Amino acid sequence: MTDAWVNGVERLATAARWLEGPCWVPARRSVVMSDIPGNRVLEWHAETGELTVLEDRCEFTNGRTLAADGSLLECSHGRRAVQRRQFTENGSSTEVLVDRWHDHRLNSPNDLVVSRDGAIWFSDPSYGIDLPDEGHPGEREYGDRWVFRLDPTGRLSPVVTDIVAPNGLAFSPDETLLYVADSDVAAQIRVYDVVDGCRAKNGRWFATVPAGVPDGIRVDASGRVWSSAADGVHVYDTLGTHVGFVGVPEVVSNLCFGDDDWVYVTASTSLYRFRIHDLPG
């Protein structure tokens, strides 16, 4: 563990091969994240600055988000599933929520968001079955890479089918728009109209990051889109105009918002943070 300021951002811990899937958990005042090649779920504790292992041999979890009941919803490359993580006195436990579309196994769910109606929207690229360090070898059983919606009754439906490598997801504050990062060579973020709360229509280009590819994305209360990139975090207004940038000394995979205006960033081997009001234009 280290505490240092690098290029204007604070490095909180460095102990991983490829950090991903950060989520601020208010009740625990911690950031839960994954070291995917290390096959571990890690937790950084804000009160102590300590980095601990929440679960070892976790089946290559990736993106996660906080559910309304305080549990974590997660993507598991290894289980090819979306799962729920409940915190317990001795750590945590998990249960699989969905791992198939009809008779076909999912590829390797990557990132997810939850809408106000309780539906889980998640991306399903194929990194976990293509890359030896991120899961287990396998086949694309339904033959493609889509974004799915799991409704509260358990019904699973594809909602975005026109992206090569769907990755990070985020809703606009009013949930009328869905942003999807495409981590293919196009390196673009696309935006879709959300119709009737359950369909994504009218997909179109929104922004292209200037370095590397977009991976994890977030939207703040003002509707600005925050995107990971090879050189840091880029911020776009609702029209797709670039309005801010924070450089990070490692390749950024993902980010999340915490309390007190903190932005937490997973970048290659380390966890960083900076405050929203420190964002330069």
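Everything numeric in this text was worked out from a predicted model, so none of it was measured. No hydrogens, no waters, no symmetry mates; every other heavy atom, side chains included, goes into these values.
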Ring-ring centroid check F257 W24, cutoff 6.0 Å | no

Answer yes or no: are there more than 12 heavy-atom neighbours, outside D259 itself, under 6.0 Å from its atom CG?
-> yes

For atom CD of E175, decide whether the heavy atoms of other residues, nucleotides or ligands shown that lie under 6.0 angstrom number more than 12.
-> yes

Hey, could you give me the CG/CG distance between N110 and D124, rounded to the nearest 0.5 Å?
-> 8.5 Å

Taking the six-membered ring of W205 as reference, does the NZ or CZ atom of R190 fall below 6.0 Å from its centre and within a 45° cone about the axis?
-> no

To the nearest 0.5 Å, tell me how far E50 CD sits from L12 CG.
-> 13.5 Å

Applying side-chain contact (heavy atoms from CB on, under 4.5 Å) between W121 and each of V114, V180, V194, report the one that passes.
-> V194

When rounded to the nearest 0.5 angstrom, what distance separates CG in L156 from NE2 in H102?
-> 8.0 Å

Compute whether any side-chain donor of one residue and acceptor of the other, for T266 and E20, lie under 3.5 angstrom apart.
-> no

For R57, does the CZ atom have more than 12 heavy-atom neighbours from other residues, nucleotides or ligands under 6.0 Å away?
-> no

F60 ring center near H136 ring center (under 6.0 Å) = yes

Under-4.0 Å salt bridge between D261 and R275 = no

May I ask you to check whether Y264 and Y272 place their ring centres under 6.0 Å from each other?
-> no

Aromatic ring centroids of Y142 and F148 under 6.0 Å?
-> yes

Any luck finding a side-chain donor-acceptor pair between D151 and T153 under 3.5 Å?
-> yes

Which of these passes side-chain contact (heavy atoms from CB on, under 4.5 Å) with V25: C256, S71, S30?
-> S30

Hey, do the aromatic rings of Y236 and W226 have their centres closer than 6.0 Å?
-> no

Pick one: which of R84, Q86, Q83 meets side-chain contact (heavy atoms from CB on, under 4.5 Å) with T94?
-> Q83

Taking only Lys NZ, Arg NE, NH1 and NH2, and the carboxylate oxygens of Asp or Glu, determine whether R28 and E43 approach each other closer than 4.0 Å.
-> yes

V113 with Y179, same ILVMFWY side-chain cluster at under 4.5 Å | no

Sub-3.5 Å donor-acceptor pair from the side chain of T65 to the main-chain atoms of L73, do we have one?
-> no

Interatomic distance, CG@L112 vs SG@C75, rounded to 0.5 Å, equals 4.5 Å

Ion pair present between E59 and R79, side-chain N to carboxylate O less than 4.0 angstrom?
-> no

Answer with yes or no whether the side chains of Y127 and N62 bring together a donor and an acceptor at under 3.5 Å.
-> no

